Structures are given as structure tokens and as C-alpha cells.
Amino acid sequence: MLLSVLYILIGVVVVLWGADRLTEGAVGVAERLRIPQFVIGLTIVAIGTSMPEFCVSLVSALKGTADLAVGNVVGSNIFNSLLIVGITAMVAPMTILKSTVRLDIPFALLASVMLAAFCYDGELTRLDAGILFGLFLVFMFITLQHAKRGEKKEESEENEDAKEREQAMPVWKMVALILVGLACLVLGSNVFVDGATKVAAALGVSDAVIGLTVVAMGTSMPELATSVVAARKGNSGIAIGNVLGSNVFNILLVIGLTGVINPMHIQGITWIDLSMLILSMVLLLLFSYTKYTIARWEGAVLTILFAGYMTWVVMNV
């Protein structure tokens, strides 16, 4: 049991470190290729923070523990929307951009509803997953088109920054970071999933419960770290974009691509888990419409709701 817990801890550290190295190397390559900063932020960096969920979910699905794979994403999104946003809003009220309320939050809500609908019959087929992944491509296209409007304003500054970073990071280092990052993600994910599965068996709980709790919280550490740092620097509004981007990527990219590679049979994810996933996004949408700000009391509501949900999960183990 203790050894399995140690595997989980080691797996988390290796996966998070690997995702960071992979992102750093990929950003270096993108800058050398003169890819604009806004594209890097919306694609490479955003995907990088979702790599822990993707690798853990993919390895889980391939090893026959689909509940762990889906529970990881459902739990991560609930953790992001309720606890991370809740705590961050209590530290400093979060200002929400109109574009976020009109595009990102509705898209995240749509993704949550579609995932719940596809999981209702206990099967996530390749067709279901293909629809999710197709929606991810649509989201990326719309987001990039929207972001291009502000590209020219910062183009000269971005090119200067890119030149400086290009000189600072040689090609061999970029390649090394990407390879080391990928290796750590694969290795860490295997160790993490093996440890989590053994802990679930030792405690007599389902893979779904482990996925919704321990695994979800572990793979959400990049989002938590980013949001806490932003709040401490007085930029708590950054956290909402980080959370929403992660939620959309987790469902559409992680589950979509994982399901296309390996269809999943889901048993342990309940309608309450899926309902909480949707409710968390509905609350974010409603709170964001109040003067485009998530106030401290609204953050407290989200945090209390998360505590209540976690209590229900633990009490029903």
C-alpha cells in the first residue's frame, strides 16, 4: 500500500516535470519558426498544461481502466471550476472578459453536456470520441480567428521577444527538452496509473473514485499552480482563462483523442458526477454574467460546493 502511494507521488512529480519540459521545448521551437506569441499561448502552452490528463487518461484506457481515464477528466474539470476558481476568487475578485463569457464558457458547458450524454449509456465509442475531437478543432479555429484581431498590435514586440529567446535557447536544447519531456510523461503516467490502480484495489474502491479524487487533483496541479501565482500577483483574471481552456481541452482533446485510439466502457462514473460537471459550468456562466466578475462570495459558494461534492464521494466509497 505504501509503495503504491509512493508510486502515485513519484508519477505526479515526473508527469508534471515532463509536461513543463515539453512545453518549454515546444515554445522554443515555435518561437524559432516565428510563430506568433498568441498562437503559442492558445495552442502549445494550453495543450502542455493538459498533457498530464491526456497521458494518464490514455495509459488508463489502454490498460483497461476506462473509469480511471474518464474519472480523471471529470474530476479535474470539477476541481478546476469549483475549487481553483473558488479559491482564486476569494483571494481576489476575478474580472471576466466579454469574449470569455460569450465563447469560452458556453463552449466549455457544451463540451460538458456532450460528454455526459455520450457517457450515459456506459459506452464511449470511436464515433462519440470523434465528434468530441472534431468539436475541439472547431473550437481552436474559432479561438485563433478571434485572437488574430489583436495580433498586429503586438507583432513588432513579439518578434523582438522571439529573437531574444531564439538566441537564448539553442536547437539541441529544444530537442532535448521535448524528448525528455515526452519520456517523462510516458514513464510517469505508467507509474502513476499503476500506483492508483493498486491503491484502489487495496482500499476496495473503484477506479472511478480514485480517478475523480486522487488522480484528478494530481493532474490538475499545473492549473492550480498557475492560478495561485496569478492571484498572488494580482492577476486573478488570468486564472479563469486557464481553467476554461483546460476544461475544454480535457474533454474535447483528451477524451476525444483517447476515445478515438481506444473506445471505452464506463461503469463507475455516476449521473451525480456528470451532473456536478455540468452544474459547475452553469454556475461559472451565471456568476460571470454578474458585472463580468466572480466576486468573493461567489468564490465561496463554488468552494463550499466542491467540499460538499468531495464529502459525498468519500461517504459513498
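None of these values were measured; they are calculated from a predicted model. When a residue number appears, it is its place in the shown sequence, counting from 1.
- Side-chain contact between Asn77 and Ser280 is absent, with no heavy-atom pair separated by less than 4.5 Å.
- Residues Leu302 and Phe287 have side chains in contact (heavy-atom distance under 4.5 Å, counting atoms from C-beta outward).
- Side chains of Met94 and Thr293 form no contact here, defined as non-hydrogen atoms less than 4.5 Å apart.
- Of all non-hydrogen atoms in Val101 and Ser288, the two that sit nearest each other are CG2-CB, 3.8 Å.
- Of the inter-residue distances, the one linking Phe306 atom CZ with Ile84 atom CD1 reads 9.0 Å to the nearest 0.5 angstrom.
- Put simply, the residue from Val74, Asp67, Thr270 that forms a side chain to side chain contact (heavy atoms under 4.5 Å, CB included) with Leu212 is Val74.
- Applying the 6.0 Å contact sphere to CG of Leu2 captures no more than 12 heavy atoms from other residues, nucleotides or ligands.
- How far CE of Met264 is from CD1 of Ile269: 10.5 Å, rounded to the nearest 0.5 Å.
- Leu244 places a side-chain heavy atom less than 4.5 Å from the side chain of Met281.
- In this structure, Asp20 has no side chain to side chain donor-acceptor pair (under 3.5 Å) partners at least two apart in sequence or on a different chain.
- The distance from the CD1 atom of Ile294 to the CG atom of Leu284 is 5.0 Å, given to the nearest 0.5 Å.
- Within the 4.5 Å cutoff, no side-chain heavy atoms of Phe118 are placed close to those of Thr125.
- Taken together through direct or relayed side-chain contacts under 4.5 Å among Ile, Leu, Val, Met, Phe, Trp and Tyr, Leu257 and Val73 form part of one hydrophobic cluster.
- Hydrophobic clustering of Ile, Leu, Val, Met, Phe, Trp and Tyr side chains at less than 4.5 Å, counting indirect connections, unites Leu82 with Trp312.
- Hydrophobic clustering of Ile, Leu, Val, Met, Phe, Trp and Tyr side chains at less than 4.5 Å, counting indirect connections, unites Phe107 with Val113.
- With a 4.5 Å cut-off on side-chain heavy atoms, Met276 and Leu305 count as touching.
- Leu285 has its side chain within reach of Tyr289: a pair of non-hydrogen atoms, C-beta onward, lies under 4.5 Å apart.
- With rounding to the nearest 0.5 angstrom, the CZ atom of Phe136 is 4.5 Å from the CZ atom of Phe249.
- Shown here for Leu252 and Ala111, the closest heavy-atom pair between the two residues is CD2-CB, 3.8 Å.
- Minimum interatomic distance between Ala61 and Ala69 (heavy atoms only, all atoms of both residues): N-CB, 4.1 Å.
- Two different hydrophobic clusters hold Leu187 and Leu182 under the rule that ILVMFWY side chains link at heavy-atom gaps under 4.5 Å.
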Mind running side-chain contact (heavy atoms from CB on, under 4.5 Å) on Val191 and Val14 for me, showing each step along the way?
-> CA-CA 9 Å; Val191 173; Val14 173; over 6 Å; no

Under the side-chain contact (heavy atoms from CB on, under 4.5 Å) rule, what do Thr95 and Tyr292 come out as? Steps first, then yes or no, please.
-> CA-CA 6 Å; Thr95 302; Tyr292 295 101; 5.7 Å; no

Go through Ser76 and Asn250 one step at a time and tell me if the side-chain hydrogen bond (donor to acceptor under 3.5 Å, both in side chains) criterion holds.
-> CA-CA 8 Å; Ser76 292; Asn250 286 349; 4.9 Å; no

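- Interatomic distance, Lys198 NZ to Ile210 CD1, rounded to the nearest 0.5 Å: 14.0 Å.
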Assess whether side-chain contact (heavy atoms from CB on, under 4.5 Å) is satisfied between Ile261 and Leu58, documenting all intermediate values.
-> CA-CA 8 Å; Ile261 295 172; Leu58 178 59; 4.0 Å; yes

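- The CZ atom of Arg296 lies 12.0 Å from the OG1 atom of Thr88; values are rounded to the nearest 0.5 Å.
- Two residues are said to be in side-chain contact when any heavy atoms from C-beta on lie closer than 4.5 Å; Val85 and Thr303 fail this criterion.
- Summarising the geometry of Ala295 relative to Pro93, their closest heavy-atom pair is CA-CB, 4.5 Å, with the distance given to 0.1 Å.
- Following chains of ILVMFWY side-chain contacts shorter than 4.5 Å, one cannot reach Leu137 starting from Val260, and the two form parts of different hydrophobic clusters.
- For Tyr7, the ring pair (Phe, Tyr, Trp, His ring centres under 6.0 Å) test picks out no residue, with sequence neighbours left out.
- Residues passing the side chain to side chain donor-acceptor pair (under 3.5 Å) test with Ser81, sequence neighbours excluded: Asn247.
- Here the shortest heavy-atom pairing between Thr258 and Ser57 reads CG2-O, 3.9 Å.
- Closest approach of Ser4 and Val199 over heavy atoms only: CB-CG2, 3.6 Å.
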